[in-house]
2 protein chains.
Amino acid sequence: MSNELLLLGLLRSHQMHGYQLSEFLTRNLSTCTDLKKPTAYFLLGKMAEQGWIAEEQTQEGNRPPRRVYHLTTLGEANFQRLLRENLAAFEPVTMRGDAGLAFLDFLPPGEAAELLMVRRGGLAQALEQARSAPHHAGSLGLVLEHQVLHLQAELAWVEQVIAGLQREASTTQNK
Amino acid sequence: MSNELLLLGLLRSHQMHGYQLSEFLTRNLSTCTDLKKPTAYFLLGKMAEQGWIAEEQTQEGNRPPRRVYHLTTLGEANFQRLLRENLAAFEPVTMRGDAGLAFLDFLPPGEAAELLMVRRGGLAQALEQARSAPHHAGSLGLVLEHQVLHLQAELAWVEQVIAGLQREASTTQNK
DNA sequence: TTTTCCATGTAACTCGTTACATGATTTC
DNA sequence: GAAATCATGTAACGAGTTACATGGAAAA
């Protein structure tokens, strides 16, 4: 449902076509969703069928015609509902990356530390990217802020775990 | 793949049957995965077919026979591979809850604050639960520690957003 | 005695992905 | 002239869920 919410929310401000919506989501809201183009087209088709959004075909030159969507009254009502549902609910996040962490002590601490340093690299890069992302005004900016905060915390955490492993590795001398 | 890793990792310490594995995962590792019983059975069957694990049937009285699984050499090799892959990779987390945050300013600040206070309730409860969970030794404990840290950060973040909204609501006098 | 727990599994379904197909336009 | 971008979509597949079915044992 959060994918529908995102599409409706974006369409509420500016009418757009599928390609635009999909681009915008992967560019600026990849932290909330990772829906791909075919999924976006599918959802738009479904919501159009349900009467939540309406399309208007436009064409430029010989290019493929664009289906530009805008919210209907029904769509607006559903947007309001989905927004309230989403805000009130606490959706626990699933950390697939913690699966490995659970078995960290099956590896010699030195090697575990090295592997986590690779992870730290990816994490640092993601943080860098989030920090240098264009600032959006209003609540879109809030999402980015949240992401930066979260990545900072994650980075600090991984580094702490690495430090602990390195201490362990040096005391047991079996690096 | 992280589900396979979890199952293999647990089987590596103690041989278990599907029901046990599924229970353990939802009880103690719900933060890394939310796989359900049918999925667990399915994955176990698949891994058995691939020769990663082997089963031994046991029976107690008239109860349904248990399929108790243990790692094979091939399974051990794959566990090692999956563990290293998981530790080295940074898997970004998807925050479906941020979808609503992106459109926070479409709502009057007072109402937005109230909705988020409901969310805060669920969050606080989850934190409480994580804090009072039984302490597991070793790296299983690490996962729990991570979860507590994460939930604390989330709680602080939501409270900060709520505070901002309340300030806004009181200055614009349209609560 | 009714509910909960133990223990397994199947079938239908949902959501979303990847890969594929098309074709014009812009950029290098 | 080749590659990337714009713009749409279909088809096949995959992972995981929900609902259903079974039946004994333990607890309330």
Side-chain angles (χ1 to χ4, degrees), chain A residues 1-8 10-11 14-27 29-30 32-50 53 55-69 82 86 91-96 99, chain B residues 1-8 10-11 14-27 29-30 32-50 53 55-69 82 86 91-96 99:
Chain A
M1 289 289 86
S2 81
N3 284 334
E4 281 90 338
L5 172 60
L6 285 166
L7 291 171
L8 291 175
L10 293 181
L11 287 176
H14 315 286
Q15 54 172 46
M16 295 196 232
H17 55 266
Y19 193 88
Q20 270 178 313
L21 287 160
S22 171
E23 283 294 291
F24 191 91
L25 287 176
T26 53
R27 287 257 161 86
L29 289 170
S30 61
C32 316
T33 186
D34 48 2
L35 108 166
K36 303 295 190 291
K37 239 169 272 173
T39 315
Y41 286 126
F42 173 76
L43 288 178
L44 288 169
K46 201 189 68 177
M47 290 196 293
E49 224 178 287
Q50 290 173 326
I53 57 179
E55 74 184 62
E56 214 176 317
Q57 296 229 2
T58 70
Q59 187 140 16
E60 272 178 33
N62 244 351
R63 295 170 146 285
R66 296 173 177 165
R67 295 164 179 270
V68 178
Y69 295 98
L82 290 173
N86 180 290
E91 307 239 9
V93 157
T94 311
M95 316 221 179
R96 263 158 245 130
Chain B
M1 285 291 86
S2 81
N3 284 334
E4 280 90 340
L5 173 60
L6 285 167
L7 292 171
L8 291 174
L10 293 181
L11 286 177
H14 314 285
Q15 52 172 46
M16 294 196 233
H17 55 268
Y19 193 88
Q20 269 178 315
L21 287 161
S22 171
E23 282 294 291
F24 192 90
L25 286 176
T26 53
R27 288 258 161 85
L29 290 169
S30 61
C32 315
T33 185
D34 48 2
L35 106 167
K36 302 296 189 292
K37 238 168 272 173
T39 315
Y41 287 127
F42 173 76
L43 289 178
L44 289 169
K46 201 189 68 177
M47 291 197 289
E49 225 178 288
Q50 289 172 326
I53 56 179
E55 74 185 62
E56 214 176 318
Q57 295 230 1
T58 69
Q59 188 140 17
E60 271 178 31
N62 244 351
R63 295 170 147 286
R66 296 173 177 166
R67 295 164 178 270
V68 179
Y69 294 98
L82 290 174
N86 180 290
E91 307 239 10
V93 157
T94 311
M95 314 220 180
R96 263 158 245 130

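Just so we're on the same page: letters track the sequence lines, and every chain starts at 1. The figures that follow rest on heavy atoms only: side chains count, while hydrogens, waters and symmetry mates do not.
Note: CZ (B/R96) to P (C/dC15) measures 13 Å, nearest angstrom. Whole-Å rounding puts the A/Q20 CD to D/dC6 P distance at 10 Å. Summarising the geometry, the separation between CZ on B/F24 and P on C/dC6 is reported as 15 Å, rounded to the nearest angstrom. When the C1' atom of D/dG9 is taken as reference, atom CG of A/L44 falls 12 Å away, rounded to whole Å. Rounded to whole Å, the distance from CD on A/E55 to C1' on D/dT8 is 12 Å. Atom C1' of nucleotide D/dC6 and atom CZ of A/R67 are separated by 16 Å, given to the nearest angstrom. Between A/R66 atom CZ and D/dG9 atom C1' there is a gap of 17 Å when expressed in whole angstrom units.
Counting non-hydrogen atoms under 4.0 angstrom, A/G18 reaches the backbone sugars and phosphates but no base.
Evaluation of the side-chain hydrogen bond (donor to acceptor under 3.5 Å, both in side chains) rule for A/Q15 yields no partner, not counting sequence neighbours. Not counting sequence neighbours, B/S2 has no partner by the side-chain hydrogen bond (donor to acceptor under 3.5 Å, both in side chains) test. Every residue meeting the salt bridge (charged side-chain N to carboxylate O under 4.0 Å, His left out) condition with B/R67, not counting sequence neighbours, appears here in chain and number order: B/E55. Annotation: side-chain hydrogen bond (donor to acceptor under 3.5 Å, both in side chains) contacts of B/Q20 (sequence neighbours excluded): B/H17. The salt bridge (charged side-chain N to carboxylate O under 4.0 Å, His left out) test applied to A/E56 returns no partner, not counting sequence neighbours. Annotation: salt bridge (charged side-chain N to carboxylate O under 4.0 Å, His left out) contacts of B/R66 (sequence neighbours excluded): B/E60.
For the OP1/OP2 pair of D/dT8 and a distance below 4.0 Å, the side-chain nitrogens and oxygens of A/Y19 include no atom meeting the criterion. Contact check, A/Y41 against D/dG9: no side-chain N or O comes under 4.0 Å of OP1 or OP2.
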Base, backbone or nothing for each nucleotide of nucleotides 15-27 of chain D, written B, S, -, heavy atoms under 4.0 angstrom, 5' to 3'?
-> -SBBB---BSS--
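B/S30 places no side-chain N or O within 3.5 Å of a backbone atom of B/R27 that could act as its donor or acceptor partner.
Taking 4.5 Å as the limit, every side-chain heavy atom of B/L25 sits out of range of all side-chain heavy atoms of B/N3.
Between the two ends of the helix from C/dT1-D/dA28 to C/dC28-D/dG1, each summarised by a five-pair axis, the helix axis turns through 40° (rounded to 10 degrees).
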Got a list of side-chain donor-acceptor pairs under 3.5 Å for residues 36-50 of chain A, not counting sequence neighbours?
from	atom 1	to	atom 2	distance (Å)
A/K36	NZ	A/D34	O	3.1
A/K46	NZ	A/E4	OE2	3.2

